[in-house]
Protein chains: 2
Amino acid sequence: MRIWNMWKGSYKRIFGRVVKEMSEYTGLSEGDFGVLDRLVQFGNGKLRQQELADSMDWDKSRLSHHLTRMEKRGLVLRKPLDTDRGVQITITASGKSILDQALPIVSKAIRKHFLDLLTDEDIESITKLAVRSKTP
Amino acid sequence: MRIWNMWKGSYKRIFGRVVKEMSEYTGLSEGDFGVLDRLVQFGNGKLRQQELADSMDWDKSRLSHHLTRMEKRGLVLRKPLDTDRGVQITITASGKSILDQALPIVSKAIRKHFLDLLTDEDIESITKLAVRSKTP
DNA sequence: ACCTTGTGGTTGATACGTCAACCATGATAT
DNA sequence: ATATCATGGTTGACGTATCAACCACAAGGT
């Protein structure tokens, strides 16, 4: 239980610092960043909603709500496909420019608040736990 | 960045499993459990709101909102102190009984989904990271 | 033709988190 | 005495997360 609380505490502190740094400088939430980043990484700017949901490991409802807010802020566009009933999500120019701004900030923040605290053994430990935790 | 994502992923999976197991069986959220547990651990059933907030590392607003919901469900009671403008939070009988139900479930879930995945070196790593992450 | 099932998505309700504004009161400074 | 500040808390607004219900359409089985 002590281990559990330490683990939770570390995560919340570190994660909070990284997210806060990003959102202060760019106005993006973690979810916003995840969506935009995947759009360009995996789809060169556009993805169908289902693919996006899968890659984020979000359910369709969560993504739908989130996209509604992002669309309202002009970060993405929704447009129905005519081939089937899917929807294509496209990053807007403004979304792309904010993402480009965010990328270096995020990677610096991760380095500063996380990677710099880790020894090689810590990284080893994290890697292995990630594998073990994948199948319950 | 890969390390970061692995770390985030492990946390979310494991944490989600533990919380889900608790909430399915007891109807308590993580916040509910934290409040009730601290009330009995640190205050023998009652704490002033400020102490509770400090021990949870929550701001007063968050706690106030949460207590409103918990009070509505009959888990805690609020009563103003006459010595100063503080408020005393007391666990109710029903809150106590739900907590007693939850405790073994939580500790079993933590063991099953978390501790059992860890080697001694992992624990060492977690412990040290917790210390290093305390002061940014 | 009709019923079920699956896919892809939206919507509403409710819980949770965060921020800023507010309020009451006591302590301190001028 | 009056202004200022600190303490302890509440409130409202808004973003985020989850759940269940819904809708439209296509494909298969009867």
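Quick caveat: nothing in here was measured; it's all calculated off a predicted structure. Proteins get letters first, then strands, A, B, ... in listed order; numbering begins at 1 in each.
- At the phosphate of D:dG9, neither OP1 nor OP2 sits under 4.0 Å from any side-chain N or O atom of B:S64.
- Applying the ring pair (Phe, Tyr, Trp, His ring centres under 6.0 Å) definition to pairs two or more places apart or across chains, those involving residues 29-87 of chain A are A:W58-A:H66.
- Within the structure, the salt bridge (Lys or Arg N to Asp or Glu O under 4.0 Å) test picks out the following pairs touching residues 117-127 of chain B (sequence neighbours left out): A:R132-B:D122, B:E124-B:K128.
- B:K112 pairs by the salt bridge (Lys or Arg N to Asp or Glu O under 4.0 Å) definition with B:E21, not counting sequence neighbours.
- Partners of A:E30 by salt bridge (Lys or Arg N to Asp or Glu O under 4.0 Å), not counting sequence neighbours, listed by chain and number: B:K8, B:K12.
- Residue pairs meeting the ring pair (Phe, Tyr, Trp, His ring centres under 6.0 Å) criterion with at least one member in residues 83-102 of chain B: none, sequence neighbours excluded.
- Applying the side chain to side chain donor-acceptor pair (under 3.5 Å) test to every pair with at least one member in residues 97-111 of chain A, sequence neighbours left out, gives these pairs: A:K96-A:D100.
- Regarding B:L81, its CG atom lies at a distance of 17 Å from the P atom of D:dT7, rounded to whole Å.
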What does the B/S/- profile of nucleotides 12-22 of chain D look like, 5' to 3', with a 4.0 Å heavy-atom cutoff to protein? BB-SBSBBB--
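- Contacts classified as salt bridge (Lys or Arg N to Asp or Glu O under 4.0 Å) and involving residues 46-72 of chain B (residues at least two apart or in different chains) are given here: B:R48-B:D84, B:E71-B:R78.
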Taking N or O atoms only and anything under 3.5 Å, show me the protein contacts with nucleotides 3-5 of chain D, one pair per line.
none

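- Counting only residues at least two apart or in different chains, ring pair (Phe, Tyr, Trp, His ring centres under 6.0 Å) contacts with residues 73-109 of chain B are absent.
- Residues passing the side-chain contact (heavy atoms from CB on, under 4.5 Å) test with A:I105, sequence neighbours excluded: A:Y25, A:T26.
- At the phosphate of D:dT10, OP1 or OP2 sits under 4.0 Å from a side-chain N or O atom of B:R78.
- For the segment residues 33-57 of chain A, the set of residues with a heavy atom within less than 4.0 Å of an atom of DNA chain D is empty.
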